Structure formats: structure tokens, C-alpha cells
Amino acid sequence: MSLYQPFLNHAIPLLKEQLDLSAYPIPEGFESKEATSGKGKRQETVVTTSYGFKSPKLRQIRAAHVQGGNSLQVLNFVIFPQLNYDLPFFGADLVTLPGGHLIALDMQPLFHDEAYKKKYSDPILPIFQSYLNDLPWGGDFPEEAKPFFSPAFLWTRPQEKELVETRVLDAFKEYLDAYLNFVLAAEPISDRESLEEIKNAQMRYIGYRAAKDPARGMFTRLYGEEWTEEYIHGFLFDLERYLGVRC
Ligand code: DBV
């Protein structure tokens with residue numbers, strides 16, 4: 001079983017149990033994609049599988065799972081709230097490359113004011129702190145990405161696969177539980193000014209992620225440029241398209 005399958009096996013049944021889930025459409029040709037990489041003994045089949053759901057409070061819950069043998073495993077799992085909630089994004093970027101593991105886990109904030117921090121970061125800080133010993137700060141981090149993370153951003157580069165299977169999985173479960181609590185408590189927002197601010201914050205975040213997707217190089221090498229750009233803008237970070245369709 002792939003390194004990140006247990007994360008999906010935990011998350012999907014839990015979300016189904018706790019939320020009123022329905023399918024989020026995955027564009028045709030993007031549900032599963034396969035390619036061969038490397039040559040000779042190093043040849044590997046790399047399969048990317050997509051998952052998409054939604055709920056009344058969550059516009060898109062989606063995952064991309066890349067499985068390409070021991071030295072290429074990725075699970076990128078993001079939850080995008082409906083635009084009439086002030087909920088943060090749930091973001092998990094779990095990446096295994098030949099050089100090691102890279103783990104990013106966060107409730108990515110819409111806003112940075114004190115009230116927002118108090119509501120959506122402070123409750124996570126004790127969880128965050130309980131992992132810092134085993135999962136210390138991963139260092140080097142793109143400066144321009146900083147505005148998109150919370151004070152509870154777990155960013156780490158574990159050496160041991162075992163740590164991913166144990167502490168990282170535990171952290172993922174705890175963050176997801178805490179996120180579900182936020183979702184259950186969230187109340188819809190109706191004043192126009194706040195709605196406008198939420199939409200702008202979502203557009204900034206999703207625009208940044210689509211523009212700077214660190215997986216762009218990998219996907220382009222594997223599946224070509226056309227497939228990759230359509231996957232990024234038509235599924236992984238699709239808010240602009242979504243709003244276009246609904247206007
Ligand atoms: N990252 C994605 C999606 C992926 C994905 C949709 C489906 O946003 C995978 C796949 N992340 C992925 C891969 C790499 C990273 C790295 C394959 C390795 C890239 C490489 O080394 O070739 C957090 N992810 C990273 C890095 C960071 C993040 C900081 C290190 C690379 C770098 O320095 O740019 N996750 C990333 C990020 C945000 C986030 C920047 C939000 C703003 O949530």
C-alpha cells in the first residue's frame with residue numbers, strides 16, 4: 001500500500017460520516033492518469049488519482065494522490081469552503097521524493113487579524129505544539145507563500161518513513177478533526193462587505209496556488225503541459241472557472 005493511502009482511508013470515511021457529502025465533478029480524463037517515467041531498471045508507472053466531494057458548507061474537498069513507487073508518493077488534500085463562510089482552508093501537502101519527505105499541514109487563513117487568529121488558529125496551537133518535538137520546523141520556505149499560512153503551520157522534512165506512518169498520520173487526523181469542528185460550528189455570512197472580502201481572500205489564495213503549484217514541473221514531465229494546466233485550473237485550483245460558470 002502506498003505511504004499516503006492510510007491518510008485517504010481515514011479522511012474519506014470520516015468526512016462521509018460527519019458531513020452531508022456529495023460528489024464534486026472531476027473533469028473527464030482527470031479521474032486517473034498513468035504514465036511511465038525513468039528508463040530500464042528505474043522504470044516506474046506513475047498513477048495520479050483524483051477525489052472530489054462537496055458539502056453544504058464546503059465548496060470543494062479534493063485530493064490528488066500520486067503513486068510512483070518508493071521514491072515518488074504525493075498526497076495533496078485541500079478543502080475549499082463555500083464563499084459564504086469565513087472558514088480557513090484545510091491544506092495538506094504530503095510529498096515523498098528521492099531526497100526524502102516533505103510535509104505541510106495547516107488551516108490556511110483567509111485573514112490575519114487578531115479576531116480571526118483567535119477563532120481559527122489559537123484552538124489549533126496546542127495540537128501544533130504537541131508535534132514540534134517529533135516534527136520540527138522544516139526550514140527553507142518560500143517567502144511569498146508566508147501570507148497564506150497560519151501560526152499553526154506544521155512544516156517538516158522527516159528523515160524516517162516511519163515518522164510519516166505514525167506522527168504525521170496522527171497530526172493529519174488531529175488537524176482534520178479540529179477542522180471538522182470548525183465546519184460544524186460555522187455559521188453562514190450574509191453581509192455584503194464580508195462576502196466580498198471572503199471572495200477576494202479565496203481568489204488570492206487559489207490564484208497563488210494555481211500560479212505557483214510546486215507540482216507543475218512533475219506533472220508536466222509525466223503527463224505533458226496541456227494535461228497539467230487543465231488539471232491545475234480545471235480541478236485542483238478551480239475557483240475562477242467555478243465563478244465563471246456560475247455568473
Ligand atoms: N503541491 C500542490 C499540489 C501538489 C503538490 C496540488 C498534486 O500544491 C505537490 C500535487 N509539493 C508537491 C510536490 C512538491 C511540493 C513541494 C511534488 C515537490 C516539488 C519539488 O521539489 O520538485 C507547500 N509544497 C512543496 C514545497 C512547499 C509546499 C513549500 C517546497 C517547494 C518549494 O519550495 O516551493 N503547500 C505548498 C505551498 C502551499 C501549500 C507553497 C500554500 C501556499 O499549501
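We count ligands from 1, going down the list as the structure has it; atoms in each ligand are counted the same way. All values derive from a computational prediction rather than experimental measurement. The residues of the chain are indexed from 1 along the displayed sequence.
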**Asked** Looking at F80, is R59 sitting on its ring face, NZ or CZ under 6.0 Å from the six-membered ring centre and within 45 degrees of the normal?
**Response**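 The answer is yes, since R59 meets both limits relative to F80.
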**Request:** Give a yes/no verdict on a cation-pi contact between R204 and F148, requiring under 6.0 Å between NZ or CZ and the six-membered ring centre and an angle within 45° of the axis.
**Result:**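 The answer is no, since R204 fails at least one limit relative to F148.
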What atoms of ligand 1 come closer than 4.0 angstrom to any heavy atom of [X]?
X: P214; value: 1 (N), 8 (O), 11 (N), 15 (C), 16 (C), 19 (C), 24 (N), 25 (C)
X: A215; value: 4 (C), 5 (C), 9 (C), 10 (C)
X: Q108; value: 41 (C), 43 (O)
X: F219; value: 7 (C), 10 (C)
X: F141; value: 29 (C)
X: Y208; value: 42 (C)
X: A64; value: 7 (C)

Give the residue and atom name of whichever protein heavy atom lies nearest to [atom], and the separation in Å to one decimal.
atom: atom 37 (C) of ligand 1; answer: F149 CZ, 3.9 Å
atom: atom 43 (O) of ligand 1; answer: R209 NH1, 2.8 Å
atom: atom 40 (C) of ligand 1; answer: A145 CB, 4.2 Å
atom: atom 18 (C) of ligand 1; answer: L97 CD1, 3.6 Å
atom: atom 32 (C) of ligand 1; answer: P142 CG, 4.0 Å
atom: atom 14 (C) of ligand 1; answer: V95 CG1, 3.9 Å

**Message:** Nearest 0.5 Å, please: how far is CZ in F237 from CD1 in I206?
**Reply:**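 It comes to 8.5 Å.
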**Prompt:** For residues Y131 and E174, is any side-chain donor paired with an opposing acceptor at under 3.5 Å?
**Reply:**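 Yes, side-chain donor-acceptor contact under 3.5 Å.
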**Asked** Do Y223 and T228 have side-chain atoms, one donor and one acceptor, less than 3.5 Å apart?
**Response**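 There is no such pair (donor and acceptor under 3.5 Å, judged by atom type) between the side chains of Y223 and T228.
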**Prompt:** Quick one: are the ring centres of F7 and F172 less than 6.0 Å apart?
**Reply:**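 Yes; F172 has its ring centre under 6.0 Å from that of F7.
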**Message:** For F141 together with F149, are the ring centres under 6.0 Å from each other?
**Reply:**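 Yes: the rings meet the under 6.0 Å criterion.
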**Prompt:** Can you tell which of D93, L72, L102 gets a heavy atom nearest to atom 30 (C) of ligand 1?
**Reply:**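 The option holding the nearest heavy atom is L102.
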**Prompt:** When S37 is tested against each of M218, E44, Q43 for side-chain contact (heavy atoms from CB on, under 4.5 Å), which residue passes?
**Reply:**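 Result for side-chain contact (heavy atoms from CB on, under 4.5 Å) with S37: E44.
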**Asked** Can you say whether the rings of W227 and F30 are parallel (under 30°), tilted (30 to 60°) or perpendicular (over 60°)?
**Response**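 Plane angle under 30°, so parallel.
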